[in-house]
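Reviewing the structure listed below.
Labels below follow one simple rule: chain letters A, B, ... track the order of the sequence lines, proteins then strands, and each chain is numbered from 1.
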Amino acid sequence: MSTEDFPTDRPAVVTCGLPYANGDLHIGHLRGYIGADAFARALETLGQETAYVSGSDMHGTPVAVNAEQEGIDPEEFALRWHEQYQETFPKFDVDFDNYGHTHDETNTELTQEIVRTLDEEGYVYEDEILVAYDPKADDYLPDRYVEGTCPYCGAKARGDECDEGCQRHLEPGEIEDPRSVRTGNPAEYRERTHKFFRVSEFADYLTEFLDGLEGTSNARNQPRQWIEEGLQDWCLTRDMDWGIDYPGDDGAAEDVVLYVWVDAPIEYISSTKQYTERVGADEYDWEQVWTEEGEIVHVIGRDIIQHHTIFWPAMLEAADYTAPRAVAATGFITINGKGLSTSRNRAIWAREYLDEGFHPDLLRYYLTTTGGFQQDVDFSWDAFQEKVNGELVGTVGNFWYRSLLFAYRNYDGTPDTAVSDEVEARIEDAIDAFTGGVNDYSLRDVGNATTRLAQFGNEYIQRNEPWKLTDEEPDRAAQVIRDCVQLAKATAVLLSPIAPGKAQALWEQIGEDGEIADAHVEDALAAPRDSFDKPGELFAKIEDDRVAELNEKLETRIEEAASDDETEGGDGAPADGEIESDDTASEQSTNMTDTDDLEPLAEDRIGFEDFQDVDIRVGQIETAEGIDGADDLARLEVDIGFETRQVVAGIKQLHDLDELPGTQCILLANMEPAELFGVESNGMILAAGEEADLLTTHGDAALGEKIK
RNA sequence: AGCGGGAUGGGAUAGCCAGGAGAUUCCGGCGGGCUCAUAACCCGCAGAUCGGUAGUUCAAAUCUACCUCCCGCUACCA
């Protein structure tokens with residue numbers, strides 16, 4: 001690790017969080033893989049020796065559980081996803097120098113070697129812990145095989161983390177009221193011997209490590225709090241058989257494997273090693289990077305900061321490997337302002353994007369330059385269109401095309417004169433901005449450096465009006481166009497990390513040989529070829545009706561997923577494949593009407609008898625008071641003629657409780673009693689919508705009168 | 001309520017971490033220009049208490065405290 005600016009003379013390795021071999025890739029995943037890819041390419045453009053590696057994460061209970069449900073071997077299950085990922089990445093120009101997986105031989109061996117080192121160095125101890133066990137099925141239940149209640153916040157939680165509540169990582173045995181995910185049986189705890197890593201000993205080291213860590217601020221700040229709260233030792237093993245065996249025979253028993261988060265990050269090293277094995281240590285030396293000096297940059301999602309800033313650096317330090325230089329944690333992606341949800345099919349799937357026929361560079365540009373790296377970024381087809389049409393088509397593409405076309409028509413290529421000082425200086429500024437962006441881990445800055453340069457190009461050509469000069473002042477015209485060709489070349493070089501395909505196309509248009517991916521920033525200033533062929537337009541506008549169509553497809557799909565959810569009892573599986581778009585498109589499809597926000601009307605009709613089962617009465621609120629600790633809930637006493645009922649209602653925020661007593665209300669009287677926040681509720685007050693607009697009577701209905 | 005992220009001209013965003021002239025860029029609006037270019041591009045304008053309050057400071061969008069509101073996930077949707 002060093003703090004010297006990029007490029008340094010040490011090799012760098014860029015990684016992205018390992019895709020978990022358990023489902024389809026969507027735009028949220030892509031943000032990380034594309035971001036890391038663009039960052040790695042940008043480093044190379046700066047002249048930094050760089051490897052970009054990753055691999056599929058094959059182990060862990062979700063893979064085992066899902067494989068079991070499909071009745072196939074976990075390895076087969078995970079490999080299937082692994083292969084699909086490998087096919088998908090190139091389609092987005094995500095170009096790994098090596099892409100392995102955690103179950104391969106390299107990773108298995110290296111993981112065992114590293115764990116053995118931890119053990120030998122005295123960082124591992126054994127302890128007896130309680131493990132959930134399903135007595136009926138004679139089955140131990142690690143991690144997500146068990147679910148129950150979070151001991152910290154009381155939310156429903158999975159065995160290894162409180163995914164729906166406080167997001168805490170849970171150690172085995174912590175979860176309360178455990179039940180088996182497989183059988184639903186209540187689980188009991190049994191004593192088992194497991195291996196623990198003394199993470200707690202690394203508090204000081206980690207504090208210092210974080211002080212020097214580059215990347216995004218969230219990756220530095222969050223772990224500091226965890227350290228202050230006190231680090232717990234980390235359980236390295238699990239009672240299951242899908243995973244990597246704990247090294248050695250003495251072993252902590254049969255049926256124990258390493259926790260998936262032990263071998264997963266080690267894949268970063270393994271994958272680098274495989275790269276060296278393929279190209280030779282002369283070309284790229286994994287040992288130098290990982291055991292001597294190298295610039296290690298981890299690009300991850302912000303949900304796995306803990307693993308990369310606590311467990312992982314502690315392991316590296318304990319096993320005497322190089323510490324990461326940077327951890328850059330991306331924010332999440334939202335779709336049309338709402339959270340991406342795979343179970344509700346509110347997502348843009350990788351395959352879907354490709355099926356729509358869009359060039360990968362458009363998405364690459366959007367994802368890397370919209371919002372900061374650690375910011376959550378919203379995706380909408382409208383914003384996508386705006387970004388593409390405005391910046392890629394209008395600014396960059398237009399500048400490229402008008403410059404080159406003019407040059408081709410009048411000079412058969414580049415005019416024979418030197419670049420002007422002004423333009424040269426402007427390109428140098430852009431290179432500085434590009435370099436600064438890389439060093440700040442800001443791809444947006446990197447992208448903007450290019451767009452602004454193209455913007456300058458448009459302004460420059462406009463200001464100098466070469467079309468007026470060709471006859472009267474041929475020398476000046478030649479100068480201007482010479483400058484523009486240089487600017488086109490420079491923008492292509494600087495844009496190549498983000499839009500490698502389009503940059504390559506421009507590279508070819510101006511007659512350059514080889515790959516623009518091999519170009520360095522200095523090539524932005526190198527003289528262009530004397531002649532080139534007639535250029536073409538590299539970016540096409542996205543038309544409005546196309547966007548309308550895409551919006552509609554998305555909406556339709558989300559609705560279908562929602563109704564599937566209701567009718568099928570909510571298995572939550574995303575509808576796969578393409579959804580037929582409805583031809584009854586109306587102009588309203590792009591504008592959300594008010595009813596779009598409402599719950600759809602129920603399809604199923606009920607009989608009068610069903611309605612008879614519902615006993616709704618007129619009541620009057622006698623008293624109303626807030627419930628301690630609850631935000632919206634109020635405890636009400638409601639007089640319904642026959643008796644006064646205690647009811648809990650979520651209306652506190654919307655109503656002044658002092659004004660409620662005396663108000664008539666409508667009460668569903670034969671609701672099953674329920675307990676909320678320790679308060680029994682004996683009925684349900686009717687109210688409309690999110691605002692909890694209270695229903696009442698407007699005539700002289702008596703208390704206890706039935707609603708019919 | 002918990003965790004996380006926000007609150008900047010009509011909309012979307014930058015700047016804040018390393019405080020210093022009332023503030024970026026994009027879209028939209030208005031006016032103008034140009035015609036090489038994909039109705040593209042260029043120029044000008046439109047006037048916003050940088051969420052609120054109180055501090056620190058010679059100086060705060062930028063630091064501190066408190067508050068309000070918004071978004072995501074989750075929750076208490078009876």
- Message: Below 4.0 angstrom, which residues in residues 361-373 of chain A have at least one non-hydrogen atom near RNA chain B?
- Response: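 The stretch gives A:G372 as the residues lying under 4.0 Å from the strand, ordered by number.
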- Item | Contact residues, residues 477-486 of chain A to RNA chain B [heavy atom, < 4.0 Å] |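 Correct list: empty, so none.
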- Message: Would you say A:Q462 places a side-chain N or O within less than 4.0 Å of OP1 or OP2 belonging to B:U35?
- Response: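 Negative; the distance criterion is not met.
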- Item | Phosphate OP1/OP2 of B:G15: any A:R444 side-chain N/O under 4.0 Å |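 For B:G15, OP1/OP2 do have a side-chain N/O of A:R444 under 4.0 Å.
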Scan [X] against the nucleic acid and name what it touches under 4.0 Å (heavy atoms): base, sugar-phosphate only, or nothing.
X      : answer
A:Q375 : sugar-phosphate
A:Q385 : nothing
A:E537 : base
A:F399 : nothing
A:N398 : base
A:K387 : nothing
A:F332 : nothing

- Query: Between A:W381 and A:Y366, is the ring centre distance below 6.0 Å?
  - Reply: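 No, ring centres 6.0 Å or more apart.
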- Message: Can you tell me which nucleotide in B:U35, B:C41, B:U38 comes closest to the side chain of A:F539?
- Response: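 Within the option list, the nearest is B:U38.
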- Query: Is the aromatic ring centre of A:W467 closer than 5.5 Å to the centre of the six-membered base ring of B:C36, with the two planes inclined by less than 30°?
  - Reply: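 A:W467 vs B:C36: stacking yes.
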- Could you give the CG-to-C1' distance, from A:L404 to B:U38, as a whole number of Å?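 From A:L404 CG to B:U38 C1': 14 Å.
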- Whole-Å distance separating the CD atom of A:Q374 from the C1' atom of B:G15: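 To the nearest whole Å, that distance equals 15 Å.
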- Message: Under the salt bridge (charged side-chain N to carboxylate O under 4.0 Å, His left out) definition, can you give me all pairs with a residue in residues 368-377 of chain A, not counting sequence neighbours?
- Response: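 Those involving residues 368-377 of chain A are A:R302-A:D376.
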- Task: Please list all pairs passing the salt bridge (charged side-chain N to carboxylate O under 4.0 Å, His left out) test where one or both residues lie in residues 466-483 of chain A, with sequence neighbours left out.
- Result: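 Output for this query lists A:E465-A:K468.
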Between [N] and [M], how far apart are the two [atom1] atoms, rounded to whole Å?
N     : M     : atom1 : value
B:U57 : B:U13 : P     : 36 Å
B:G20 : B:C34 : C1'   : 40 Å
B:U24 : B:A14 : C1'   : 5 Å

- Message: Assuming nearest nucleotide by heavy-atom distance, tell me which of A:R302 and A:G390 is located more 5' along RNA chain B.
- Response: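 On the 5' side of the pair lies A:R302.
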- Query: If you pin A:Y401 and A:M684 to their nearest nucleotides in RNA chain B, which one's is more 5'?
  - Reply: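 Upstream on the strand: A:Y401.
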- Query: Can you name the ring pair (Phe, Tyr, Trp, His ring centres under 6.0 Å) partners of A:Y20, sequence neighbours left out?
  - Reply: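 With sequence neighbours excluded, A:Y20 shows a ring pair (Phe, Tyr, Trp, His ring centres under 6.0 Å) to no residue whatsoever.
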- Test ring pair (Phe, Tyr, Trp, His ring centres under 6.0 Å) applied to A:Y411 - qualifying residues, sequence neighbours left out: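 Not a single residue meets the ring pair (Phe, Tyr, Trp, His ring centres under 6.0 Å) criterion with A:Y411.
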- side-chain contact (heavy atoms from CB on, under 4.5 Å) partner of A:I333, the single match among A:I348, A:V377, A:D378: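 Of all the options given, the one that passes is A:V377.
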Which residues satisfy the salt bridge (Lys or Arg N to Asp or Glu O under 4.0 Å) test with [X], sequence neighbours excluded?
X      : result
A:E508 : none
A:R452 : none
A:E459 : A:R463
A:R364 : A:D37

- Message: Can you classify the ring geometry of A:F379 versus A:F384 as parallel (below 30°), tilted (30 to 60°) or perpendicular (above 60°)?
- Response: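 Rings of A:F379 and A:F384: tilted, 30 to 60°.
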- Query: Paired stems touching RNA chain B, three or more consecutive Watson-Crick or G-U pairs with both distances under 3.5 Å?
  - Reply: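 Consecutive-pair runs (3 or more) involving RNA chain B: B:1-7 with B:68-74, B:10-12 with B:25-27, B:29-33 with B:41-45, B:51-55 with B:63-67.
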- Query: Sequence neighbours excluded, which residues qualify as side-chain contact (heavy atoms from CB on, under 4.5 Å) partners of A:T330?
  - Reply: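 Applying side-chain contact (heavy atoms from CB on, under 4.5 Å) to A:T330 gives A:R31, A:V299, A:F373.
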